[in-house]
Protein chains: 2
Amino acid sequence: MDHKKTLSILRGEMAKKKIDMYLMQMSDDHASEYVGDHFKEIEYLTGFTGENTWVCVTAKKSYLWADGRYFIQAKKEIRGSGTSLFEMGEPGVPTVEEYIKKNLKAGQVLGYSGRLFSYDDHRKYKKIATEIGAKVVFRYNLMDHVWKERPALPKTKLWELAKKYTGETFADKKKRLLEKLKEAGADAHLLTSLYDIAWLLNLRADDIDCVPVFMSFLYITKKKTILFVAPEAIGVHIKKYLDKNGIDIMPYEAIYQEIKSFTPKKVLIDPSVVNASLATSFGKGCELVEKENPTELMRSIKNKTEIENTRIAHIKDGVAVTKFIHYIKNYIGKRPLSELDAADIILDFRKEQKDFLGVSFDTIAGYGGNAAMMHYSATPESYSDLKPEGFLLVDSGGHYLQGTTDITRTIALGPLTKEQRHAYTLVVRANLRLAAAHFPDGARGENLDVLARGIMWDEGLDYRCGTGHGVGHILNVHEGPQAMRWKARDPKKLTAILKPGMITTDEPGIYVEDGYGIRIENELLCVEDEKTEYGQFYRFEVLTFAPFEVEAINVDELTEYERKALNDYHTQVYEKLSPHLSKDEAKWLKEVTKPI
Amino acid sequence: MDHKKTLSILRGEMAKKKIDMYLMQMSDDHASEYVGDHFKEIEYLTGFTGENTWVCVTAKKSYLWADGRYFIQAKKEIRGSGTSLFEMGEPGVPTVEEYIKKNLKAGQVLGYSGRLFSYDDHRKYKKIATEIGAKVVFRYNLMDHVWKERPALPKTKLWELAKKYTGETFADKKKRLLEKLKEAGADAHLLTSLYDIAWLLNLRADDIDCVPVFMSFLYITKKKTILFVAPEAIGVHIKKYLDKNGIDIMPYEAIYQEIKSFTPKKVLIDPSVVNASLATSFGKGCELVEKENPTELMRSIKNKTEIENTRIAHIKDGVAVTKFIHYIKNYIGKRPLSELDAADIILDFRKEQKDFLGVSFDTIAGYGGNAAMMHYSATPESYSDLKPEGFLLVDSGGHYLQGTTDITRTIALGPLTKEQRHAYTLVVRANLRLAAAHFPDGARGENLDVLARGIMWDEGLDYRCGTGHGVGHILNVHEGPQAMRWKARDPKKLTAILKPGMITTDEPGIYVEDGYGIRIENELLCVEDEKTEYGQFYRFEVLTFAPFEVEAINVDELTEYERKALNDYHTQVYEKLSPHLSKDEAKWLKEVTKPI
């Protein structure tokens with residue numbers, strides 16, 4: 001792929017349309033985090049394969065923004081592409097907005113696709129441009145002319161997730177949603193988040209790798225529900241299900257015309273999700289009620305059925321991961337093993353589990369320095385062989401009919417350096433300290449993150465990502481509105497208050513470029529604890545079960561409390577998993593989880 | 001004082017002016033935290049003597065909002081006043097805005113004094129009223145007709161704080177301020193914060209008890225500086241100083257007329273500070289640039305001279321407090337001592353110190369259950385005698401020419417219960433854990449607060465206030481923009497990022513109604529620590545030196561790290577203070593600070 005040539009074609013298109021600065025974002029019409037191949041424009045243009053990225057092209061310059069998880073990877077991937085890297089959040093590195101402010105000139109035109117940017121983004125850029133005396137054009141996607149062999153939109157078949165897994169019917173969810181609309185003073189709702197549509201309808205499909213959703217829009221009023229979706233995606237059973245639930249169908253693309261003719265209503269939209277093309281197309285008389293999608297908070301608070309099922313999914317997943325660790329430890333140095341093999345093997349163990357649907361994200365199996373790239377992905381063209389020394393980091397997860405998992409274990413393949421052992425011990429301490437948090441109603445990720453991260457800060461270390469994210473239920477493995485994060489991406493928008501039923505990961509790490517990467521990730525369920533005169537307290541229930549690497553821990557660096565917490569956890573790991581293991585595996589697990 | 005009668009007179013005034021709901025706030029024309037007697041309207045109406053309070057009166061109801069520090073005290077003080085208490089932040093308790101939203105009806109009139117509410121507040125209330133279909137009237141202060149013997153505005157004499165204490169001249173400060181105005185696109189600035197005016201001009205006075213400021217407004221352009229202040233407050237020396245610095249004088253009240261005739265300018269105002277009457281009175285053609293006062297951040301970051309002086313002030317203050325503790329421990333049970341005596345004695349020890357100017361706030365000396373009221377104040381009418389058992393909490397501070405202090409120690413007067421010892425140990429641990437924080441640039445109080453508070457949360461406890469506040473330099477003992485606080489008062493406005501030079505208190509506590517109150521407060525200076533690939537790290541230097549109460553600590557509840565931190569601190573306390581103590585005192589200090 002000649003990225004420089006692609007860039008020059010794009011610049012040609014910019015010139016034709018008199019666009020001086022063209023902005024791209026890795027997104028789709030739905031503000032999805034992971035997107036289908038159809039939308040991988042930035043990869044096509046620059047070679048960069050990570051998420052959460054922007055590109056800004058002018059006649060002379062082209063820059064790509066990548067976040068801390070990807071600094072090392074992005075540097076490698078975009079080398080020679082004609083595009084340069086901006087490391088987001090580093091001192092002196094401008095944000096996308098700051099860059100535009102500084103480089104867009106009066107009289108110039110800033111262009112971007114209104115389908116790929118949210119209404120909020122659009123207004124932000126428009127304000128910047130207006131203040132400069134520049135213009136904004138958002139009706140073209142210039143990459144349509146550059147990337148001619150763009151893959152088609154997916155149209156995989158929808159399937160119903162049964163009530164025994166969801167715990168709540170569409171009718172009941174819609175009832176709750178209508179109440180929220182009423183509270184907000186709205187009488188209609190345009191929902192474009194694929195996760196929220198799938199959750200609300202109790203339907204799933206396979207339109208995005210690892211994210212079982214379907215390309216769609218949903219328009220809801222008290223009387224009507226219209227689903228905009230590819231007709232080919234609707235089989236006989238789903239047609240019946242939709243009919244029974246009073247859901248009308250229109251083609252996916254029809255939304256862009258249909259929206260102009262919606263009866264005048266007060267329509268609730270989330271301007272940080274609904275794309276600019278849609279948000280600016282409502283027919284006359286429609287009034288926008290701008291709020292977060294009520295379904296976002298609703299789906300993040302798992303109900304009893306979802307929680308019980310998720311616990312089951314985690315046992316299955318823990319069994320698969322534990323069998324995998326046992327396998328690797330058994331064969332390392334005896335059989336040739338690579339990062340690719342590791343990913344295959346852990347997948348095989350997951351496949352052995354009943355109701356396994358597929359991985360919840362691309363497995364990260366990074367050996368040695370590769371693991372320092374937080375979202376590293378081995379490929380047949382570029383991978384490392386495993387040696388009987390140092391660390392193998394494996395971050396993986398599965399969708400089961402019962403729920404979704406996300407787990408990281410860092411495995412010692414043989415001798416470790418003193419530094420590696422110290423680093424592993426720090427990560428264990430950080431993980432345990434956050435998991436042990438007690439906190440009253442009102443606490444957010446911003447408040448609690450330091451319990452994990454502070455262990456690193458004390459040594460002048462840090463990890464360039466949040467400590468954790470919400471986990472969807474057979475949906476996106478990353479979901480909001482809660483997160484474990486110290487630095488608000490936008491200081492005016494904090495993460496959501498932690499509530500019982502929310503599931504959040506706890507994944508501190510240490511990453512040393514060209515050295516090693518260590519991460520330990522468990523999922524934490526927020527549950528009610530005591531109620532005192534100071535309010536309702538919550539704590540975390542750990543959902544993830546698989547052994548930590550005791551041989552990598554410097555026991556004398558643990559506080560008494562941490563040592564006890566580790567032993568308690570390991571006791572549970574053995575109790576929950578051993579009934580599902582072979583005799584050999586169980587014997588080994590007993591050994592590696594014995595109290596220290 | 002017959003508060004019910006006062007309330008009924010106020011309701012009569014409301015009826016005359018056709019005001020259905022009248023809102024009051026403890027404030028002055030400058031959004032000051034502590035106010036002169038002239039402004040103590042809420043105390044006059046309800047009897048409540050605390051700060052941070054609102055009252056809302058309708059024909060039938062009257063409510064007072066008090067924050068967690070004052071729940072116990074407010075309940076007592078407003079009993080029988082005809083006004084009922086809303087405990088701010090408690091479940092089910094409406095905020096002022098929520099209360100207005102629910103109770104103001106279409107067609108009604110909401111009234112308040114535009115001088116006592118900020119422009120931000122005013123717009124907020126106006127929006128609420130408009131949405132309801134109600135009106136807002138803000139040109140009257142109805143209490144002017146109710147409280148006829150209101151004390152006059154103070155006019156104490158101004159004095160100059162020398163450069164050897166401030167480290168920066170007015171000319172240099174103004175230069176920095178003008179740069180900030182330019183950055184903000186403003187060419188004029190109306191400054192109404194008394195703290196900022198005093199800091200900028202390097203002038204002080206005594207217009208507010210414990211806060212050495214003067215009633216004034218300041219209007220600044222590149223060419224002009226106009227100080228609106230009582231002419232009687234300006235002596236010969238200060239007149240010369242002002243002339244030399246090109247500062248014109250106009251009478252204090254003249255601002256309300258003069259503002260209408262300011263030449264058209266882009267005027268920077270902080271809408272959360274500048275009062276509504278002023279903000280809505282600018283002459284035609286004036287454009288408002290709404291920003292935080294640049295001086296707020298400037299004054300919170302202490303310069304080298306201020307820091308060196310503040311260190312000196314803390315040694316003096318620590319000597320006074322240590323002598324006091326020694327005295328109390330020596331004479332308890334032998335001489336009659338009361339809370340009032342305690343406050344007198346600690347004041348006497350402070351007065352012995354050179355350059356002592358006065359207390360920085362009313363001393364809180366609370367014995368036993370009284371200390372559970374965080375801002376308790378003993379009076380000749382209501383105080384407790386000290387007994388040789390339980391805890392005496394003393395929170396006090398002083399202004400010295402070198403700087404301002406704020407320190408709390410909780411002293412064991414004799415036998416303690418098991419619960420008291422455990423509670424004291426928790427407070428020590430919380431205090432030490434926060435003081436030991438290491439954190440990178442970007443961290444705020446919201447991120448770090450849990451290091452102290454989490455120790456309480458782990459036991460289902462909490463304290464109903466922040467963990468700490470900024471400390472002014474011979475100004476308000478409470479200052480922003482930084483604070484140690486987990487819950488943002490406004491989730492859209494976080495506390496400021498901690499920067500080297502900022503001084504913040506560290507004062508966790510445990511308060512048991514009718515039982516006891518424990519608080520330990522040290523001041524922490526943010527200083528630079530190592531710079532790593534993860535950024536510039538900071539840590540805290542403890543500025544406050546006085547012994548903790550070792551006999552109240554359960555040593556086996558401390559972690560190894562905490563025990564060491566306590567011993568290190570006590571070593572410093574002895575080294576720094578003992579040269580200034582009598583032989584007896586030094587001997588005693590040696591004993592109570594010896595390693596545990």
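The analysis underlying the following values was restricted to heavy atoms, covering all of them including side chains, and did not include hydrogens, waters or symmetry mates. Chain letters run A, B, ... following the sequence lines, proteins first, then strands; residues in each count from 1.
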Trainee: Less than 4.5 Å to any heavy atom of chain A: does that hold for the side chain of B/Asp441, its backbone, both, or neither?
Mentor: backbone

Trainee: Is B/Val450 close to A/Val450 at the side-chain level, that is, under 4.5 Å between some pair of heavy atoms?
Mentor: yes

Trainee: Does the B/Asp462 side chain pair with the main chain of A/Tyr534, one donor and one acceptor, at a distance under 3.5 Å?
Mentor: no

Trainee: What's the shortest heavy-atom distance between A/Glu530 and B/Glu459, and which atoms?
Mentor: OE2-C, 3.9 Å

Trainee: Do other residues, nucleotides or ligands put more than 12 heavy atoms under 6.0 Å from B/Lys180 NZ?
Mentor: no

Trainee: Between B/Gly454, B/Pro440, B/Gly442, which residue shows the highest count of heavy-atom pairs closer than 4.5 Å to chain A?
Mentor: B/Pro440

Trainee: Tell me if the NZ atom of B/Lys291 is crowded by more than 12 foreign heavy atoms within 6.0 Å.
Mentor: no

Trainee: Based on non-hydrogen pairs under 4.5 Å, which of B/Leu448, B/Thr559, B/Leu451 is most in contact with chain A?
Mentor: B/Leu451

Trainee: Would you check if A/Phe439 and B/Asp458 make a side-chain contact, meaning some heavy-atom pair closer than 4.5 Å?
Mentor: no

Trainee: Are the side chain of B/Asn447 and the backbone N or O of A/Asp449 linked by a donor-acceptor pair below 3.5 Å?
Mentor: no

Trainee: Could I get the full list of ring pair (Phe, Tyr, Trp, His ring centres under 6.0 Å) partners for A/Tyr516, not counting sequence neighbours?
Mentor: none

Trainee: Quick check on the interface: out of A/Lys487, A/Lys493, A/Lys531, A/Glu533, who has the most heavy-atom pairs with chain B under 4.5 Å?
Mentor: A/Glu533

Trainee: Heavy-atom pairs under 4.5 Å with chain B: which of A/Glu446, A/Glu560, A/Glu90 has the most?
Mentor: A/Glu446

Trainee: Give, as side chain, backbone, both or neither, the part of B/Arg453 having an atom under 4.5 angstrom from any heavy atom of chain A.
Mentor: neither

Trainee: A/Arg539 versus chain B, heavy atoms under 4.5 Å apart: side chain, backbone, both or neither?
Mentor: neither

Trainee: Is the count of non-hydrogen atoms from other residues, nucleotides or ligands lying under 6.0 Å from A/Lys499 atom NZ greater than 12?
Mentor: yes

Trainee: For chain A, which of B/Gly535, B/Ala443, B/Gly460, B/Pro91 has the most heavy-atom pairs under 4.5 Å?
Mentor: B/Gly460

Trainee: Heavy-atom cut-off 4.5 Å, strictly under: side chain, backbone, both or neither for B/Arg433 against chain A?
Mentor: side chain

